[in-house]
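Reading through the structure tokens given below for one structure.
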Amino acid sequence: MADTPTSVTGPGKPDQPEKKQRSVRVVLLALMIAMMLAMLDNMIVGTAMPTIVGELGGLEHLSWVVTGYTLATAASTPVWGKLGDMYGRKGAFLSSIVIFLIGSALSGMAQDMGQLIGFRAVQGLGAGGLMVGVMAIIGDLIPPRERGKYQGMMAGVMALAMIGGPLVGGTITDNWGWRWTFYINLPLGAVALALVSAVLHLPRKRSKAGIDYLGVILLTVGITSIVLVTTWGGTEYAWTSARIMELIGIGVATLVGFVVWQTRAAEPVLPLHIFRSRNFTLMSFIGFVTGFVMFGATLFLPLYQQAVQGASATNSGLLLLPMLGAMLVTSMVAGRVTTNSGRYKVFPITGGVLMVVGLYLLSLMDTGTTRLTSGLYMAVLGAGMGCLMQITMLVAQNSVEMKDMGVASSSTTLFRTLGSSFGVAVMGALFNHRVQDVMSERAGALGKNITEKSAQLDAASLAKLPVQVREAYQHAVSSGTHAAFLLGAAIAVLVLVAALFVKEVPLRSGPQKPSEDGTDAAPVPLIEAV
């Protein structure tokens with residue numbers, strides 16, 4: 001089928017609008033499947049890691065299975081966004097799915113840990129284009145004014161991935177073997193490929209400018225250095241170690257060089273002019289802080305529930321339902337209100353307030369906090385995140401021209417990813433420090449030795465501890481989560497401050513194509529009826 005779009009309405013075709021709506025729903029189904037693939041993968045694989053290590057060995061390289069994937073995803077995200085803007089969204093998106101599926105198939109066939117790490121990096125390269133492609137294509141297909149109606153779908157996919165990932169991973173590993181945690185991506189990806197290929201029709205693009213290779217290299221090195229600092233700092237290496245200092249120096253130098261080069265490049269991979277929009281810059285910052293807080297919360301809440309409240313690993317995922325359910329409901333309400341009224345500034349402000357309150361309440365949890373109480377606290381935090389998760393992308397996309405939709409989507413996604421890396425690192429360092437201090441105070445040298453290598457004990461290790469040491473660990477975890485969530489509340493205040501400066505620019509009411517001079521022109525149909 002041709003890439004050039006054809007009209008979907010006309011005389012004698014009264015049923016075409018209905019067919020067009022059906023086509024939109026089919027494309028959205030494919031996009032949600034792709035989004036699910038990107039979000040589920042780490043959670044499914046994480047559950048299977050003990051089994052993988054048991055068969056392949058290489059325990060000392062275990063962390064690189066996740067780190068390699070994360071690095072490749074973060075580094076490739078802005079590149080995929082730019083490729084979509086330059087050469088066409090559909091081709092870039094289909095390519096990212098294919099690369100992700102190749103990485104999945106190869107990972108399932110890995111014979112040792114080195115192969116698995118390399119193949120996971122290939123998978124991560126594809127994953128970097130999945131989320132960006134979903135957001136940018138939705139930005140092309142659906143006008144900002146109407147986009148709010150579909151926010152619930154994206155929030156629902158996120159909630160399903162967070163809850164279902166560990167359950168699905170455990171079930172697949174126990175019944176089919178760990179290799180199927182990768183192979184399961186193949187049929188789902190094939191469905192997404194088929195649907196997108198058959199139904200999605202976007203304008204063909206061909207940029208005369210070449211790819212900004214120097215910009216890609218500088219940005220990749222800079223992002224890689226940042227992620228490694230946040231991943232290794234305080235765990236593999238001390239924060240003041242020579243290796244961490246070297247990475248910080250490399251990261252700062254390359255990112256400064258990247259910014260300078262982007263002012264000179266003919267077709268910059270991340271055009272700096274998009275940051276002239278106050279709303280876009282504010283949404284990027286809010287996305288960074290939201291990622292910082294959200295991934296920190298999803299890391300420490302299950303740990304608290306297992307160590308202090310006695311939940312199993314499986315149940316701790318289900319106990320996140322109050323937070324994820326509130327996030328889903330609030331996101332749907334925010335989307336509907338935005339669609340009906342065109343007003344959205346109230347949601348970043350409300351989200352900032354609820355996040356601060358929710359994190360502060362979570363910081364009050366101790367060894368006597370009931371599951372009902374912690375569930376209510378989580379619901380408050382979830383409601384705050386629901387006000388922010390999709391609104392940040394919506395406002396960011398509405399703040400740029402259509403020709404920059406890809407880089408706007410990838411930049412917003414990248415800032416959220418970097419925020420999550422910093423959140424896990426900073427909140428994790430604070431948590432570990434508090435746990436070790438409290439264990440030393442309550443359990444002496446034995447307590448210090450137990451948490452010296454890792455402050456996060458699994459259920460099996462916890463059950464083997466003497467009663468007195470186990471109680472000391474519960475108090476230590478409670479103290480650690482108190483410090484981490486209190487820091488999160490302080491950081492979340494920045495969301496509220498930034499939201500106050502958001503300017504409520506009217507949302508575009510129709511998809512547009514960029515004219516020759518870069519300004520938005522007349523509406524263009526993007527979906528062909530089936």
Side-chain angles (χ1 to χ4, degrees), residues 36 39-40 43 46-47 151-170 289-337 347-348 350-391 420 423-424 427 431 459 474 477-478 480-482 484-489 491-492 495:
M36 178 73 77
M39 299 193 68
L40 266 179
M43 297 183 179
T47 310
Q151 284 183 193
M153 294 176 61
M154 290 180 277
V157 168
M158 182 177 296
L160 184 61
M162 288 182 176
I163 296 172
L167 297 174
V168 173
V289 178
T290 302
F292 186 106
V293 169
M294 187 182 81
F295 284 89
T298 54
L299 173 66
F300 296 113
L301 279 172
L303 181 62
Y304 170 84
Q305 290 164 337
Q306 292 177 53
V308 180
Q309 295 183 329
S312 66
T314 301
N315 287 339
S316 66
L318 295 175
L319 289 173
L320 291 177
L321 273 173
M323 182 178 74
L324 300 175
M327 184 176 72
L328 173 60
V329 172
T330 309
S331 182
M332 293 176 64
V333 171
R336 286 292 178 180
V337 172
F347 294 111
T350 303
V353 171
L354 290 173
M355 278 181 61
V356 172
V357 173
L359 287 164
Y360 175 73
L361 291 173
L362 288 172
S363 75
L364 301 179
M365 296 189 304
D366 55 28
T367 55
T369 303
T370 65
R371 291 184 181 180
L372 175 61
T373 301
S374 61
L376 292 174
Y377 294 167
M378 283 189 281
V380 176
L381 176 60
M385 292 192 297
C387 288
L388 293 167
M389 288 302 297
Q390 304 305 327
I391 288 292
S420 67
V424 170
M427 294 174 75
F431 172 85
Q474 291 174 338
V477 169
S478 178
T481 53
H482 166 77
F485 287 129
L486 200 58
L487 172 65
I491 297 295
V495 170

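As a basis for the values below, the full set of heavy atoms in this structure was taken, side chains included, without hydrogen atoms, waters or symmetry mates.
T481 has its side chain out of reach of L362: every pair of non-hydrogen atoms, C-beta onward, lies at least 4.5 Å apart. Proximity of M365 to L301: side-chain heavy atoms (C-beta onward) are separated by under 4.5 Å at one or more points. Between F431 and V424, every side-chain heavy-atom pair lies at or beyond the 4.5 Å cut-off. For the pair T369 and D366, the minimum side-chain heavy-atom distance is below 4.5 Å.
Residues passing the side chain to side chain contact (heavy atoms under 4.5 Å, CB included) test with L361 are V357, L364, Y377, V380, sequence neighbours excluded. Partners of S374 according to the side chain to side chain donor-acceptor pair (under 3.5 Å) rule, which considers only residues two or more places apart in sequence or in another chain, are Q309. A484 is linked by a side chain to side chain contact (heavy atoms under 4.5 Å, CB included) to F300, M427, counting only residues two or more places apart in sequence or in another chain. Listed by chain and residue number, V308, Q474, H475, S478 satisfy the side chain to side chain contact (heavy atoms under 4.5 Å, CB included) test with T367 (two or more places apart in sequence, or in another chain).
The side chain to side chain contact (heavy atoms under 4.5 Å, CB included) with L359 is formed by just one residue from the set L487, I491, L381; it is L381.
The list of side-chain hydrogen bond (donor to acceptor under 3.5 Å, both in side chains) pairs with a residue in residues 353-364, not counting sequence neighbours, is empty.
The minimum heavy-atom distance between P322 and G375, with the atom names listed, is CB-O, 3.3 Å. Closest non-hydrogen pair, A379 versus A326, comes out as O-CB, 3.3 Å. Shown here for G351 and C387, the closest heavy-atom pair between the two residues is CA-CB, 3.6 Å. What you find for A492 and V293 is that their closest heavy atoms are CB-CG2, 4.4 Å.
Atoms CG and CE, on L328 and M385 in that order, are 12.0 Å from each other to the nearest 0.5 Å. In this structure, CG on L388 lies 9.0 Å from CG on L354, to the nearest 0.5 angstrom. The distance from atom CE of M355 to atom CE of M294, rounded to the nearest 0.5 Å, is 9.5 Å.
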